[in-house]
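A short worksheet on the structure shown next.
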Number of protein chains: 2
Amino acid sequence: MDVRPSFDTYIGSDGVTLDSRDVALLRAIDREGSLNNAADSLGRSYAHAQRRIVELEEAFGSLVERRRGGSGGGGSELTDTARELLAAFERTRAGFEGVADIAETVLAGTIVEREGELVTVETDAGNVRALVPEGDGDVQLSLRADAVTLTDPEDTPVPEHTSARNRFLGTVESIESGERIARIAIDIGADEPLLALVTEDSRAKLGLEPGSDVVASFKATATRGIST
Amino acid sequence: MDVRPSFDTYIGSDGVTLDSRDVALLRAIDREGSLNNAADSLGRSYAHAQRRIVELEEAFGSLVERRRGGSGGGGSELTDTARELLAAFERTRAGFEGVADIAETVLAGTIVEREGELVTVETDAGNVRALVPEGDGDVQLSLRADAVTLTDPEDTPVPEHTSARNRFLGTVESIESGERIARIAIDIGADEPLLALVTEDSRAKLGLEPGSDVVASFKATATRGIST
DNA sequence: GATGGTTATATCTATGTCGGAACAACGTTC
DNA sequence: GAACGTTGTTCCGACATAGATATAACCATC
């Protein structure tokens, strides 16, 4: 099945939620110098754009400093609050993009212990600590490739000295090398190999090649599961 | 500013995108045993629900096995494809939820080197390797608290033996302890403390208390930035 | 004081979405 | 063969969204 996850980003405050459309409007105001030209450049109705800004400001505080009259008839520019809001939006969007873009490896298993959200899951590769909000029995754990850190088996801290609760010794199955980033597939005894995204730099320093032994570790708080 | 990120999850294939509304419909079919009752239980139009299912199936393959006539007049049930799709949706939703819910610490800095997406950023705490798709100059790095792993300063692998490209020695500033999970704020020399989400178990094993020395490390591929 | 381009506000209309109703087709059961 | 509750299909209308238009208010500049 050739599927691809995607998402819409929102930032909510006080009942109103700012979306990508609002972000585009704010950016256009910043670029064009006036709400009028901004709406125009986006092919959108000035009237609604103006009302929307007012609505957003009721929730987020002053966003656009608007002047009417004066030289050039007036104009508008973003406040610092608006710029912070835009940056926050972009940061969370980038975070979501990471989730959507980066490969995951799915680990099937069964919950054998639960302490609040924190569970212990029995999988083919061994026990895994993970966050599963609710449910019991069978689960699927999702491991983001950017959450897996690889270390040299000869120089890996003992479990008591690291906050990475999950660790597996495995052997490199294959490597997909990009310009600067490499995707390492590691056999840890499960059906599918564990994918780890590391810099090409790291791959070289660790001397990773197909067949290499390596320790893959990941945090319990970074592995999320769903009950199936 | 009391803001809160949120998101909508989608899964796209072949031009059509499945959203949470579609997921609700599929789940209702699974629960009710018929498309008719499913639409009814959701307070939605049967006609549109049926058309939507057909539309989804054109993109995702067979999702609902529908029988008309027969005992009870017929009925519908989900295919394995549909169940896999629901699980995939739920996994990515859980991933997004992590991004939206888990605290981030924002590190401001300037790009001093770029190799493709991979950049080196100069921050108050020192140089950080991160992924920043484009731009140069000033950036904001976003560090998810679940991406930071803590280790004992006495037993931390040397940089050549780990794929965690970023490491900082810091001191625990404060600890917010939950039932099973603790949020550790670590002073690493930046304006704001670095937040790390670890299990209470890990906190205890590492003996972390305010004032403790600790090494915080995180992967370059897990720290994403935006240019500001 | 006239000018000009802006903000502010109200209203109309086109469009798309979605629930609702109506009806045909289906096939097992009785 | 009648009954029944489903799927499949068409069409209508209510509603929300958003562009389009018109008009008033604003104010530094000339």
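Below, chains carry the letters A, B, ... as their sequence lines are ordered, and counting in each starts from 1.
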message: Please report the distance, rounded to the nearest Å, between CZ in R67(B) and P in dT29(C).
response: 12 Å

- prompt: Can you check the E32(B) CD to dT7(D) C1' distance for me, whole Å?
  reply: 16 Å

task: Could you check how far CZ of R21(A) sits from C1' of dA16(D), rounded to whole Å?
output: 13 Å

message: If you assign each of S76(B) and G73(A) to its closest nucleotide in DNA chain D, which residue comes earlier from the 5' end?
response: S76(B)

query: Just checking, any donor-acceptor pair under 3.5 angstrom between side chains of S177(A) and E200(A)?
result: yes

- request: Starting at atom CG of L35(A), determine the distance to atom C1' of dC26(D), rounded to an integer number of angstrom.
  value: 15 Å

message: Closest approach to the side chain of S34(A), judged atom by atom: which nucleotide of dG19(D), dC18(C), dT6(C) is it?
response: dT6(C)

- prompt: In terms of side-chain heavy atoms of Y46(A), which of dA8(C), dA10(C), dT6(D) is nearest?
  reply: dA8(C)

- prompt: Rounded to whole angstroms, how far apart are CZ on R51(B) and C1' on dC12(D)?
  reply: 15 Å

- prompt: More 5' along DNA chain C: G75(A) or S45(A), using each one's nearest nucleotide?
  reply: G75(A)

- prompt: Got a donor-acceptor pair under 3.5 Å from the side chain of R68(A) to the base of dT7(C)?
  reply: yes

message: Between dT17(D) and H48(A), is there a base-stacking contact, meaning the centre of the base's six-membered ring lies under 5.5 Å from the residue's ring centre while the planes stay under 30° apart?
response: no

- request: Give a yes/no on whether any side-chain N or O of R66(B) is located under 4.0 angstrom from OP1 or OP2 of dG8(D).
  value: yes

message: Using OP1 and OP2 only, check whether a side-chain N or O of Q50(A) sits under 4.0 Å from dA8(C).
response: yes

- request: Would you kindly give the CG-to-C1' distance between N37(B) and dG5(D), to the nearest whole Å?
  value: 9 Å

task: Let me know the distance between CD1 of I53(A) and P of dA18(D), rounded to the nearest Å.
output: 14 Å

Salt-bridge criterion met for R4(B) and D101(B) (N-O under 4.0 Å): yes

- prompt: Do R51(A) and E55(A) sit within salt-bridge range, that is, some charged N less than 4.0 Å from a carboxylate O?
  reply: no

d(CG, L63(A); P, dT7(C)) in whole Å: 15 Å

message: Could you check whether D136(A) pairs with R114(A) (Lys NZ or Arg NE/NH1/NH2 to Asp/Glu carboxylate O, under 4.0 Å)?
response: no

message: I want to know whether F96(B) and F7(A) have ring centres closer than 6.0 Å.
response: yes

Presence of R52(B) side-chain N/O under 4.0 Å of dC18(C) phosphate oxygens OP1/OP2: no

message: Taking only side-chain N and O atoms of N36(B), does any of them lie within less than 4.0 angstrom of OP1 or OP2 on dG5(D)?
response: no

